[in-house]
Structure formats: C-alpha cells, structure tokens
Peer 1: 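The structure is given below, and queries will be raised subsequently.
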Amino acid sequence: MTEGLIAGIVVFTLATFIGFEIINKIPPTLHTPLMSGSNAISGISLVGALLVSGERNWHLSVILGLIAVILSTINVVGGFLVTDRMLQMFKKKEAKA
C-alpha cells in the first residue's frame, strides 16, 4: 500500500512539472487546437474516474475517484466553453442593415 502510494505521488509530481513546462512553451496560436486535444484527454480521464468511483465499498480510491470525476467534469466543460469563446473571435461579423 505504501509503495504504491509513493509511486503514485512521484508520477503525479513528475507529470505536473512536465505538463507545466510543456504548456509554458506553447505559442498562443496553438492554444485552440491543443484545448480540443486536452478536452479529449479530460474526457478519457472522466471515464476512468467514473469506473474507479463506481465501487460499492467506500475506500480511499472511491473518494479520490469521486474527486477526479468532479474535477474532470469541470475541466471538460470549462475547456469547451473556452474553445467556443476563442472560436467566436474568428467568426466574421455580420453587417447591420
């Protein structure tokens, strides 16, 4: 149990640092396509979190899965809203008659 928890914390910490460095190096013109890819990844993590949190017995993994479901849902919805708003900026304005 302890070894698995330590390994999970190490992977989480490394993924956080690597993700932060990758995102900071991306030019602003690529944010919209990458946001769409990020939404797809968040959707996959949402499905995985649903599978983990669906157990009948309440363990630490179920509680963490529930938290992951909530955060993934917020991330997916927020990502779609931001992507839609960014794409609205590129639409041509209609001339008023």
Side-chain angles (χ1 to χ4, degrees):
M1 172 71 181
T2 306
E3 293 172 4
L5 181 63
I6 291 173
I9 290 172
V10 168
V11 169
F12 177 75
T13 305
L14 289 174
T16 302
F17 285 126
I18 291 171
F20 182 76
E21 287 299 319
I22 289 172
I23 289 173
N24 278 338
K25 304 235 185 299
I26 295 173
T29 55
L30 293 177
H31 278 263
T32 302
L34 289 175
M35 183 67 74
S36 299
S38 174
N39 286 339
I41 293 170
S42 293
I44 293 169
S45 66
L46 178 60
V47 171
L50 283 170
L51 291 174
V52 168
S53 63
E55 282 188 32
R56 294 195 183 268
N57 299 331
W58 281 84
H59 298 298
L60 179 63
S61 64
V62 174
I63 295 170
L64 291 175
L66 179 62
I67 293 169
V69 166
I70 293 168
L71 293 176
S72 293
T73 303
I74 291 170
N75 195 17
V76 168
V77 171
F80 280 122
L81 291 175
V82 168
T83 302
D84 185 54
R85 187 170 179 180
M86 291 176 78
L87 290 174
Q88 292 295 326
M89 294 184 338
F90 296 105
K91 285 189 177 179
K92 293 184 179 182
K93 309 259 192 253
E94 293 181 16
K96 294 182 180 179

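Here the structure is a predicted model, which is why all the values come from computation and not from measurement. Only heavy atoms go into these numbers, but all of them, side chains included; no hydrogens, no water, no symmetry mates.
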Peer 1: Using the rule that Ile, Leu, Val, Met, Phe, Trp and Tyr join whenever any side-chain heavy atoms are under 4.5 Å apart, tell me whether Leu71 and Ile63 fall into a single cluster.
Peer 2: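 Yes; Ile63 is reachable from Leu71 via cluster members.
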Peer 1: Enumerate the residue pairs fulfilling salt bridge (Lys or Arg N to Asp or Glu O under 4.0 Å) with a member in residues 61-78, sequence neighbours excluded, ordered by first and then second residue.
Peer 2: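 Sorted result for residues 61-78: empty, none.
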Peer 1: Among residues two or more places apart or on two chains, list those pairs meeting side-chain hydrogen bond (donor to acceptor under 3.5 Å, both in side chains) that have a residue in residues 64-74.
Peer 2: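 Those involving residues 64-74 are Ser45-Ser72.
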Peer 1: Indicate the atoms forming the closest heavy-atom contact of Lys25 with Glu21, along with that distance.
Peer 2: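 Nearest heavy atoms, Lys25 then Glu21: CG-O, 3.0 Å.
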Peer 1: Using distance only, find each side-chain donor-acceptor pair of residues 10-19 under 3.5 Å and give its atom names and separation, not counting sequence neighbours.
Peer 2:
residue	atom	partner	partner atom	Å
Thr13	OG1	Ile9	O	2.8
Thr16	OG1	Phe12	O	2.8

Peer 1: When rounded to the nearest 0.5 angstrom, what distance separates CD1 in Ile70 from CG in Asn75?
Peer 2: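 Reported value, rounded in 0.5 Å steps: 13.5 Å.
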